[in-house]
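Structure first, then comments.
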Amino acid sequence: MGKLYPVGIQNFESLRKDGYVYVDKTEIIYRLVKTGRYYFLSRPRRFGKSMLISTLEAYFQGKKELFEGLAIEALEKEWNRYPVLHLDLNTEKYNTIEALDKKLDLALTEWESLYGANPHEQSLATRFEGIIKRAAAKTGTRVVILIDEYDKPMLQAIGDQERQDEYRGTLKAFYGALKSQDGNIKFALLTGVTKFGKISVFSDLNNLEDISWDRNYFDICGISEQELPDNFSDDIQALADANGQTFTQACEQLKADYDGYHFYPYSPGIYNPFSLLNTFKKRQYGRYWFETGTPTYLVELLKQHKYDLYKMAHEKTTSDVLDSIDASSTNPIPVIYQSGYLTIKGFIPEPRIYELGFPNREVEEGFMKFLLPYYTPLQETEGGFAIWEFISDVKSGDIDSFMKRLQAFLADCPYEMAKDIELHYQNVLFIVFRLAGLYTQVEYHTSQGRIDLVLQTPGYVYIMEFKLDGSAEQAIAQIEEKQYALPFSSDSRTVYSIGVNFSSETRNIDRWIVK
């Protein structure tokens, strides 16, 4: 029987007993437990947070036999047992105001069956507080609290202010119990995708240590560049053989497709574990992380705040913006970043500016395909074929065909998609060109000004200038006057200048001129 890959397995005990592959994180976990008490960790979905929580649960339950052969076996000498309160908030839709209360009530009722209840404890927060107190008294040891996906209710309520406010108030009081019962708590870890700044875990609970950006824990989830060859060399060779590649070629494709997450400036890259394990299991490259679903609230945020998609690939921001999400903020970037669709690509020490970009090819291609039906009338099933036809036109230098195809992308565009005409055109072009897998630059800078778009293929360079309710002649005149083609004067490729005019009346390309 072949190797068992833990795709979809989130329980450490099951993983170990059934013989699934486990990349040993227990030395890092031991360090985490022995050097602090209250932690918060933010990582993208499907990145191993639930497995981390489950591993900690088994450790604090003293299940030494599960850790045989792992690093922690030699490090831990006591293997004490503690009462563990494990709350997973991921298993609920939170589409009503009452949903969160019901989820918390269910967990509290189960814990009360173990440690007793007090009829005078009426609210969710006071019941949680009482459970911690009684669990410590009944067992004679302090309590371990593990909360997985603490932010799921808040994320599901983005765009619904009433639910946001209700959930915020509930969670503020509920998580406040951790601070009030500090003397009865041995260890606490909260994980999630995002960090909401107005919930008490990050304001009232000021002893919570955020390790999301900590260089000591950058690889606590995910698979590091060193762990890949150490644990999966045979799998890489099998993948290479199945796809007609050399070992080196397979490594290069794995890196391009699934590597590239950076959780502090200058950190080594981290591979997406879900996509990597799926690839090894099926011996086929795919967009596995994206296929598990992208939340629609991300698109709603981008459209609601009229975000220029081009900035997403070259975004610059500060740590204050990235570090915390305010549900009422007009900036969608913290949510996009913390959700794993952007990552740290560079850092400017003064004035501490972070440069963001897509972590890898899977995320960039997947996100662009996901956006396509939200910005164009094309359905998702039509997008791949339409993009392939567009690529063929561009690579062959058939300008009229690819311009007509651009018209098709914009045709019949619903009014609500294009309230801001100019921004809408630019976003559609950005999605189309990024999906085409071509080297594109929007607002390409020269000494004379900014070119709206430069599109490069092995045989051609397309310099494009756009006008809204002007004329194609004006666009061409600007290219010539500003000498936008000059940087490519010694280029061996054929260089085309294309002036394009958009009409706000027809909401489409009106005319183009090629020189």
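One-based numbering along the sequence shown.
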Between Ser50 and the options Asn11, Asp88, Thr55, Asp148, the side-chain hydrogen bond (donor to acceptor under 3.5 Å, both in side chains) test singles out Asp148

Check whether any side-chain N or O of His86 sits under 3.5 Å from a backbone N or O of Leu146 as a donor-acceptor pair, and report yes or no. no

Under a 3.5 Å distance rule, please check whether Arg405 uses its side chain to pair with a backbone N or O of Ile391 as donor and acceptor.
no

Ion pair present between [X] and [Y], side-chain N to carboxylate O less than 4.0 angstrom?
| X | Y | value |
| --- | --- | --- |
| Glu73 | Lys64 | no |
| Lys17 | Glu65 | no |
| Lys3 | Asp234 | no |

Side chain proximity check, [X] to [Y], heavy atoms < 4.5 angstrom:
| X | Y | value |
| --- | --- | --- |
| Ser212 | Arg43 | yes |
| Leu32 | Ile220 | yes |
| Leu104 | Leu89 | yes |
| Tyr271 | Pro273 | no |
| Ile147 | Ile53 | no |
| Ile270 | Phe263 | yes |
| Tyr266 | Ile344 | no |
| Leu371 | Phe430 | no |

To the nearest 0.5 Å, what is the distance between [atom1] ([X]) and [atom2] ([Y])?
| X | Y | atom1 | atom2 | value |
| --- | --- | --- | --- | --- |
| Leu87 | Glu110 | CG | CD | 10.0 Å |
| Glu291 | Glu362 | CD | CD | 8.0 Å |
| Asn184 | Ile131 | CG | CD1 | 13.0 Å |
| Leu356 | Leu342 | CG | CG | 5.5 Å |
| Leu178 | Ile145 | CG | CD1 | 4.0 Å |
| Thr194 | Arg45 | OG1 | CZ | 13.5 Å |

Please walk me through it: do Thr141 and Thr139 pass side chain to side chain donor-acceptor pair (under 3.5 Å)? CA-CA 5 Å; Thr141 60; Thr139 62; 3.2 Å; yes

For side chain to side chain donor-acceptor pair (under 3.5 Å), just list the numbers for Lys103 and Thr91, CA-CA rounded to whole Å, side-chain angles, deciding distance to a tenth of an Å, and then say yes or no. CA-CA 9 Å; Lys103 176 65 179 177; Thr91 56; 2.6 Å; yes

Close aromatic pair by centroid cut-off 6.0 Å: Phe67 and Trp79: yes

query: Strictly under 6.0 Å, is that where the ring centroids of Phe187 and Tyr38 end up?
result: no

Using every non-hydrogen atom in the two residues, find where [X] and [Y] come nearest and quote the distance to one decimal.
| X | Y | value |
| --- | --- | --- |
| Ala177 | Phe128 | CB-CD2, 3.7 Å |
| Pro153 | Leu100 | CG-CD1, 3.7 Å |
| Asn427 | Leu309 | OD1-N, 2.8 Å |
| Ile72 | Thr26 | N-OG1, 3.1 Å |
| Pro332 | Tyr307 | CG-CD1, 4.0 Å |
| Pro44 | Ser339 | CB-O, 3.6 Å |

### Task
Would you please test Asp241 and Gln237 for side chain to side chain donor-acceptor pair (under 3.5 Å) and show each step?
CA-CA 6 Å; Asp241 293 342; Gln237 186 60 62; 2.9 Å; yes

Residues Glu76, Lys34; criterion side-chain contact (heavy atoms from CB on, under 4.5 Å); working and verdict: CA-CA 10 Å; Glu76 182 57 74; Lys34 298 300 182 181; 3.3 Å; yes

Going through the checks in order, is the salt bridge (Lys or Arg N to Asp or Glu O under 4.0 Å) test met by Glu27 and Arg31?
CA-CA 6 Å; Glu27 183 177 354; Arg31 186 191 327 137; 5.2 Å; no

Residue pairs passing the ring pair (Phe, Tyr, Trp, His ring centres under 6.0 Å) test with at least one member in residues 241-260, sequence neighbours excluded, are none

Item to complete: Might you work through the side-chain contact (heavy atoms from CB on, under 4.5 Å) test for Met312 and Phe367, ending with a clear yes or no?
Response: CA-CA 11 Å; Met312 185 178 291; Phe367 200 59; 3.5 Å; yes

* Assess whether ring pair (Phe, Tyr, Trp, His ring centres under 6.0 Å) is satisfied between Tyr59 and Phe12, documenting all intermediate values. => CA-CA 10 Å; Tyr59 167 76; Phe12 179 73; over 10 Å; no

Query raised in the report: Hey, mind stepping through Val143 and Gln181 against side-chain contact (heavy atoms from CB on, under 4.5 Å) and telling me if it holds?
Result: CA-CA 10 Å; Val143 177; Gln181 289 299 307; over 6 Å; no

Exercise. Relative to the ring of Phe390, is the ring of Phe433 parallel (under 30°), tilted (30 to 60°) or perpendicular (over 60°)?
Worked result: tilted

| Taking the six-membered ring for Trp, are Phe370 and Tyr374 parallel (under 30°), tilted (30 to 60°) or perpendicular (over 60°)? | tilted

Contacts of Gln61 meeting side chain to side chain contact (heavy atoms under 4.5 Å, CB included) (sequence neighbours excluded), chain-then-number -> Glu57, Lys63, Val84

Mind running side-chain contact (heavy atoms from CB on, under 4.5 Å) on Phe488 and Gln456 for me, showing each step along the way?
CA-CA 11 Å; Phe488 306 99; Gln456 300 185 49; 4.1 Å; yes

Discussion item. For Phe358 and Tyr341: C-alpha separation, side-chain torsions, deciding distance, then whether ring pair (Phe, Tyr, Trp, His ring centres under 6.0 Å) applies.
Written reply: CA-CA 6 Å; Phe358 296 110; Tyr341 298 91; 8.9 Å; no

inquiry  = Please determine whether ring pair (Phe, Tyr, Trp, His ring centres under 6.0 Å) holds for the pair Tyr5 and Phe274, giving the CA-CA distance in whole Å, both sets of side-chain angles, and the decisive distance to 0.1 Å.
reply    = CA-CA 10 Å; Tyr5 299 96; Phe274 185 78; over 10 Å; no

Contacts satisfying side-chain hydrogen bond (donor to acceptor under 3.5 Å, both in side chains) that involve residues 344-361 (not counting sequence neighbours) are Asp257-Arg361

Trace of the salt bridge (Lys or Arg N to Asp or Glu O under 4.0 Å) decision for Glu364 with Lys369 | CA-CA 9 Å; Glu364 179 176 1; Lys369 283 184 177 179; over 6 Å; no

Salt bridge (Lys or Arg N to Asp or Glu O under 4.0 Å) between Asp235 and Lys281, intermediate numbers included:
CA-CA 9 Å; Asp235 307 272; Lys281 181 179 181 179; over 6 Å; no

*Could you walk me through whether Tyr462 and Phe402 pass the ring pair (Phe, Tyr, Trp, His ring centres under 6.0 Å) check?*
CA-CA 12 Å; Tyr462 303 92; Phe402 92 67; 5.3 Å; yes

